[in-house]
2 protein chains.
Amino acid sequence: MTTRTDLPASCVTALEERFEPELFQALCDPVRLGLVAHLAASGRALTVTESAQCCGIHFSGVSRHLALLKRAGVVRAEKHGREVHYRLEVGALASTLRGLADALEACWEEGQRASA
Amino acid sequence: MTTRTDLPASCVTALEERFEPELFQALCDPVRLGLVAHLAASGRALTVTESAQCCGIHFSGVSRHLALLKRAGVVRAEKHGREVHYRLEVGALASTLRGLADALEACWEEGQRASA
DNA sequence: GATTTAGTTGCATCATTGCGCATGTATACT
DNA sequence: AGTATACATGCGCAATGATGCAACTAAATC
């Protein structure tokens, strides 16, 4: 029998739950990575106009990027008057990344035992 | 003077160094995420043909996906005869993710102090 | 109420990307 | 040598995504 059928399927699904494609899709664009870095370095919430100053594109594109990051749970939007403040969800993002690292290693070790 | 110029620029660049777009670009595709999960759960190196069994696409596409993951440093390729074994770089990937989480939080806190 | 400012969104364009198929290359088998 | 297997890659197509511009909404200012 092949080792393939011995793969810990529960582990795969557990990983795929953590592997939200939305998150990585949100972070795969260099402009959005720049935005996240800028938001992180600011240590506070930034308006769209402020955020747009870090990347050389039209601010309407920045607005779209921020909306996408919001859908992915990377940032949170707070409306103050006519301006919208986008705040990086540092804690959530960091723990998601760490949880992913943990799950990867746990899954790998479990797979090693199973295929031994 | 605006607070924008007070942004800790060193922190931004430090983050952007860790924010390799290649990594997230490698992980933003659902098929590749499935491959990584499959490789992680296997606990060993898999051939292209074995890897292809987790995703419903032609194996030539899987070969391309694995090559991309290799360029991003997510997997390592070992040639054994006529077959190529792709092994997940679990340790490197996990520590990259954790390093990213740490850098994000450090950057955020430094930014908070600067903007206070 | 009219005007300015901050953001969002529809639209058209352009570039990327994923995909299957066919072909090419290297290794194993007979 | 000839064939079969494992993988990589060039090609064309279809789908997706990023961008700028312009039109729109909402809130502040006059």
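- Checking dC7(D), dA26(D), dA6(D) against every side-chain atom of Arg82(B), the shortest atom distance belongs to dA6(D).
- Looking at every heavy atom in both residues, Cys55(A) comes nearest to Leu35(A) through SG-CD2, 4.2 Å.
- The nearest whole Å value for the distance from the CG atom in Leu69(A) to the P atom in dA18(D) is 10 Å.
- Bracketed by its first and final contacts, the part of DNA chain C lying under 4.0 Å from non-hydrogen atoms of chain A reaches from dT4(C) to dC11(C) in 5' to 3' order.
- Each end of the helix from dG1(C)-dC30(D) to dT30(C)-dA1(D) gets its own axis from five base pairs, and the two axes differ in direction by 20°, given to 10 degrees.
- Between Phe59(B) atom CZ and dA8(D) atom P there is a gap of 9 Å when expressed in whole angstrom units.
- When all heavy atoms are compared, the tightest approach of Leu33(A) to Glu20(B) is CD1-C, 4.4 Å.
- Nearest nucleotide to the His58(A) side chain, out of dA8(D), dC21(D), dA6(D): dC21(D).
- Here dT5(D) presents its P atom at 17 Å from NE2 of His85(B), a figure rounded to the nearest Å.
- Distance, Gln25(A) CD to dG17(D) C1': 9 Å, rounded to whole Å.
- Within the nucleic acid shown, Gly81(A) comes within 4.0 Å of sugar-phosphate atoms alone, with no base atom in reach, counting heavy atoms only.
- Of all the heavy atoms in Ser115(B) and Gly43(A), the pair that sits closest is OG-O, 4.3 Å.
- The shortest distance between side-chain heavy atoms of Thr49(A) and Phe59(A) does not fall below 4.5 Å.
- Residues Arg71(A) and Gln25(A) form no side-chain contact, since every pair of their non-hydrogen atoms from C-beta on lies 4.5 Å or further apart.
- The residue among Arg64(B) and Gly61(A) whose nearest nucleotide of DNA chain D is located toward the 5' end is Arg64(B).
- Whole-Å rounding puts the His65(A) NE2 to dG17(D) P distance at 12 Å.
- Straight-line distance from the CD atom of Glu78(B) to the C1' atom of dC7(D): 16 Å, rounded to whole Å.
- Listed for the Glu110(A) side chain is no donor-acceptor partner under 3.5 Å among the backbone atoms of Cys107(A).
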* Please step through side chain to side chain contact (heavy atoms under 4.5 Å, CB included) for the pair Tyr86(A) and Val62(A), ending with a clear verdict. => CA-CA 11 Å; Tyr86(A) 284 95; Val62(A) 175; over 6 Å; no
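- The shortest distance between side-chain heavy atoms of Ile57(A) and His65(A) falls below 4.5 Å.
- Going from atom NZ of Lys79(A) over to atom P of dT25(D) covers 13 Å, rounded to whole Å.
- With Arg32(A) contributing its side chain and Ala26(A) its backbone, the two residues share a donor-acceptor pair below 3.5 Å.
- Among the heavy atoms of the strands lying under 4.0 Å from Ser60(B) is at least one base atom, whether or not backbone atoms are also near.
- What you find for Glu105(A) and Ala94(B) is that their closest heavy atoms are OE2-CB, 3.4 Å.
- Both Ala67(A) and Glu83(A) sit near DNA chain C, but only Glu83(A) has its closest nucleotide nearer the 5' end.
- Sequence order on DNA chain D of the closest nucleotides to Cys28(A) and Thr47(B) puts Thr47(B) first from the 5' end.
- Heavy-atom distances to DNA chain C give each of Gly56(B) and Val84(A) a nearest nucleotide, and the one nearer the 5′ end belongs to Val84(A).
- The Leu68(A) side chain lies nearest to dA18(D) when the options are dA18(D), dC7(D), dA28(D).
- For Ile57(B) and dA15(D), the CD1 to P distance is 17 Å, given to the nearest whole Å.
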